[in-house]
Amino acid sequence: MADKIKTPRTSELEFGGPMGALLLLFVMPGTVLYLLVTCNTDDASVLRVPGPWPSLDTLWDPSAVILLLAWVSLQALLHILPIGKVTEGITLRDNTRLKYRINALQAMMVTALLVAGAVMFGFPFSYVYDHFLQLAVAAAFIALVLSIFLYAKSLAAPESALAPGGNSGNPLYDFFIGHELNPRIGSFDLKYFCELRPGLIGWCLINLCFMMKEVELRGSPSLSMMLVFGFQALYVADAMKNEEAILTTMDIVHDGFGFMLAFGDLCWVPFTYSLQGYFLVRHPQELGTYTALGIILLNAVGYIIFRGSNSQKNAFRRNPSDPKVAGLATIPTATGKRLLVSGWWGLVRHPNYLGDLIMALAWSLPCGLSNILPYFYIIYFTVLLVHREARDEHQCMKKYGLAWQEYCRRVPYRIFPYIY
């Protein structure tokens with residue numbers, strides 16, 4: 001029955017279609033390399049080409065590949081352990097629902113205990129900073145190999161298993177976007193695993209390694225570094241605690257698992273989101289007490305908006321009669337579902353994105369105002385979320401029609417109140 005259910009051809013191509021996908025295959029790894037090389041120069045200026053560039057033979061290190069494979073294997077092992085609950089995803093086109101084990105927070109806690117033990121035994125965590133470029137190249141290589149495997153596997157997948165956004169018929173585009181929606185080896189879901197585990201927990205570990213490098217160089221971690229580490233560790237822990245929420249995101253529901261997500265999860269996230277910490281090791285910043293308190297307050301405001309809006313949305317999706325959300329105003333839709341039009345979701349149409357961006361600014365401010373490089377994250381994330389918001393709007397208009405038009409009329413601002 002499942003084999004007879006076909007995924008329609010993808011008619012609306014993103015990123016400029018096949019040519020855009022081809023360009024991004026080179027631009028994404030090139031951007032990571034450029035940022036890290038620039039960050040490691042004396043002035044860390046993005047306005048000129050850094051030099052001298054490292055030679056290709058110094059960038060490739062088999063030991064870095066082995067280390068990253070060991071890290072991914074550890075996270076995979078923790079993922080399959082019979083701890084945590086098992087939940088079901090959304091209903092697929094063949095009317096089945098995949099099962100997912102929810103134990104990311106436990107995996108993070110076990111990882112933290114293992115790392116604490118390694119610190120006690122004097123493991124050289126500064127190795128990560130000293131070989132950061134080699135590790136980034138190794139991560140890009142692993143993502144590429146995984147992407148090739150995923151595309152080859154997708155060619156044998158049933159029609160019902162293909163991704164709505166990655167079934168264009170163009171091999172290059174489908175390789176980039178992802179041809180199969182939920183590629184699995186047995187019950188092990190590759191996309192779901194990569195979405196949170198190795199990259200996000202790895203991001204936290206990388207920041208810790210940068211802090212250890214600061215201790216090695218200066219005797220103690222700086223206040224700036226501690227703020228960056230603390231803010232981002234809170235964000236990652238929040239993602240692990242609310243792991244189940246990603247089952248309704250565009251990445252899981254709509255996008256296939258191809259180079260875009262594989263590279264993003266395994267290389268882009270851990271090696272560009274940690275750019276503030278990488279910057280601070282070579283370019284230390286003095287931070288006054290009142291300035292630090294102001295940045296902490298800013299991050300707290302962003303987190304309250306981010307977590308409050310996401311929790312409100314998730315509670316409403318699980319049970320619209322929940323006392324926490326039962327009194328909120330809603331709009332009925334032709335699908336039988338209702339759209340929240342009050343609470344956080346009456347402020348702007350994407351309040352979770354607003355909170356995300358406020359936190360992103362707070363993560364960059366400890367790096368000072370004299371260099372734009374540590375602000376790459378908020379610049380990139382603004383572009384990403386505006387693009388994602390446009391995708392969300394398009395999908396919601398197709399799904400909810402007149403109800404979505406009414407929602408847009410009642411909540412006119414997309415992300416920033418009175419601005420956008």
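What's counted below: heavy atoms across the whole structure, side chains too, no hydrogens, waters or symmetry copies.
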I'd like to know if the side chain of Ser224 and the backbone of Pro366 have a donor-acceptor N/O pair within less than 3.5 Å. yes
Could you check whether any side-chain heavy atom of Val37 comes within less than 4.5 Å of a side-chain heavy atom of Pro54, counting everything from C-beta outward? yes
Kindly check if the number of other-residue, nucleotide or ligand heavy atoms within 6.0 Å of CE (Met397) is above 12? yes
Do you know which two heavy atoms are closest between Ser45 and Asn371, and how far apart they sit? N-ND2, 4.4 Å
Without hydrogens or angle criteria, can the side chains of Thr249 and Glu195 be said to hold a donor-acceptor pair below 3.5 Å? no
If you round to the nearest 0.5 Å, how far is CG of Leu261 from CG of Leu146? 10.5 Å
Do Asn40 and Tyr278 have side-chain heavy atoms sitting under 4.5 Å apart? yes
Do His283 and Cys367 come within less than 4.5 Å of each other through their side chains, counting heavy atoms only? no
Would you check, one step at a time, whether the test side-chain contact (heavy atoms from CB on, under 4.5 Å) holds for Leu24 with Met260? CA-CA 9 Å; Leu24 287 171; Met260 180 178 72; over 6 Å; no
Within the side chain of Lys191, is there an N or O that forms a donor-acceptor pair under 3.5 Å with the backbone of Asp255? yes
Which label fits Phe210 and Phe132: parallel for a plane angle under 30°, tilted from 30 to 60°, or perpendicular past 60°? perpendicular
Looking only at atom types and distance, does a side-chain atom of Ser147 sit under 3.5 Å from a main-chain N or O of Ala143, one as donor and one as acceptor? yes
Does a side-chain heavy-atom distance below 4.5 Å link Leu247 with Glu88? no
Closest heavy-atom pair, Cys267 versus Ala136, reported as atoms and distance to 0.1 Å, is SG-O, 3.6 Å
Looking just at side-chain N and O atoms, do Asn167 and Tyr173 make a donor-acceptor pair shorter than 3.5 Å? no
Do you know which two heavy atoms are closest between Pro29 and Phe259, and how far apart they sit? CG-CZ, 4.3 Å
Determine yes or no for a side-chain-to-main-chain donor-acceptor pair under 3.5 angstrom, with His179 supplying the side chain and Tyr151 the backbone. no
With a 4.5 Å heavy-atom cut-off, do Met225 and Val281 have their side chains touching? yes
If you apply the rule side-chain contact (heavy atoms from CB on, under 4.5 Å), what do you find for Ile305 with Tyr353, and how did you get there? CA-CA 9 Å; Ile305 296 173; Tyr353 293 174; over 6 Å; no
Residue pair Phe381, Leu361: steps toward the side-chain contact (heavy atoms from CB on, under 4.5 Å) verdict: CA-CA 10 Å; Phe381 214 53; Leu361 177 60; over 6 Å; no
Would you call the rings of Tyr407 and Trp404 parallel, tilted or perpendicular, taking 30° and 60° as the class edges? tilted
Heavy-atom check, side chain of Met212 versus side chain of Tyr129, under 4.5 Å: no
Tell me whether Lys337 at atom NZ has more than 12 heavy atoms from other residues, nucleotides or ligands lying less than 6.0 Å away. no
Checking Phe15 against His387 for the ring pair (Phe, Tyr, Trp, His ring centres under 6.0 Å) test, could you report, in this order, the C-alpha distance in whole Å, the side-chain angles of both residues, the deciding distance, and whether it holds? CA-CA 10 Å; Phe15 306 108; His387 173 262; 5.3 Å; yes
Scan side-chain atoms only and decide if Ser222 and Gln285 contain a donor-acceptor pair under the 3.5 Å cut-off. no
Counting heavy atoms not belonging to Leu217, are there more than 12 under 6.0 Å from its CG? yes
Between Asp42 and Arg282, is there a side-chain N and carboxylate O pair less than 4.0 Å apart? yes
Once rounded to the nearest 0.5 Å, what's the spacing between atom CD of Gln312 and atom CH2 of Trp344? 8.5 Å
Residue pair Leu105 / Ala237: nearest heavy atoms and the distance that separates them: CD1-O, 4.2 Å
Work out which heavy atom in Ala118 is nearest to a heavy atom in Phe125; give both atom names and the distance. CB-CZ, 3.6 Å
Using only atom types and a distance under 3.5 Å, with no angle test, would you say the side chain of His394 pairs donor to acceptor with the backbone of Ala390? no
All heavy atoms of Asn352 vs all of Phe306, minimum pair found to be O-CD1, 3.5 Å
Under a plain distance cut-off of 3.5 Å, with no hydrogens placed, do Asp174 and Ser168 share a side-chain donor-acceptor pair? yes
Can you confirm whether Pro320 sits close enough to Phe316 that some side-chain heavy atom of one is under 4.5 Å from a side-chain heavy atom of the other? yes
Is it true that, when you exclude Leu155 itself, more than 12 heavy atoms of the residues, nucleotides or ligands shown sit nearer than 6.0 Å to its CG? yes
Between atom CZ of Arg349 and atom CH2 of Trp345, what is the distance when rounded to the nearest 0.5 Å? 11.5 Å
Can you list the steps and then say if Gln276 with Gln232 is a side-chain contact (heavy atoms from CB on, under 4.5 Å)? CA-CA 10 Å; Gln276 295 95 340; Gln232 296 182 350; 3.3 Å; yes
Between His131 (side chain only) and Ser126 (backbone N and O only), is there a donor and an acceptor less than 3.5 Å apart? no
Verify whether one side chain among Arg338 and Thr333 offers a donor that lies under 3.5 Å from an acceptor in the other. no
Can a donor-acceptor pair be found, under 3.5 Å and without considering hydrogens, that links the side chain of Thr38 to the backbone of Tyr34? yes
Closer than 3.5 angstrom, by distance alone: can the side chain of Arg101 be matched with the main-chain N or O of Gly84 as a donor-acceptor pair? yes
May I ask you to check whether Phe141 and Trp60 place their ring centres under 6.0 Å from each other? yes
Classify the side-chain pair Glu389/Tyr420 by whether it contains a donor and acceptor separated by less than 3.5 Å. yes
Between OG1 of Thr382 and OH of Tyr375, what distance do you get to the nearest 0.5 Å? 13.0 Å
Centre-to-centre under 6.0 Å for Trp203 and Trp363, is that the case here? yes
Run the numbers on Tyr192 and Glu243 for side-chain hydrogen bond (donor to acceptor under 3.5 Å, both in side chains), then give the verdict. CA-CA 10 Å; Tyr192 182 72; Glu243 173 187 11; 2.7 Å; yes
For the side chain of Gln134 and the backbone of Thr58, is there at least one donor-acceptor N/O pair under 3.5 Å apart? yes
Can the ring centroids of Tyr273 and Tyr377 be said to lie less than 6.0 angstrom from one another? yes
Donor-acceptor contact present, side-chain Asn314 to main-chain Asn310, <3.5 Å: yes
Between CG of Asn103 and CZ of Arg197, what distance do you get to the nearest 0.5 Å? 4.5 Å
Passing option when Pro221 is tested against Val228, Leu280, Val215 for side-chain contact (heavy atoms from CB on, under 4.5 Å): Val215
Heavy-atom check, side chain of Val236 versus side chain of Leu196, under 4.5 Å: no
Let me confirm one number: the OH-CD1 distance from Tyr303 to Ile296, rounded to the nearest 0.5 Å. 15.5 Å
Cut-off 3.5 Å, side chains only: do Tyr235 and Asp356 have a donor facing an acceptor? yes
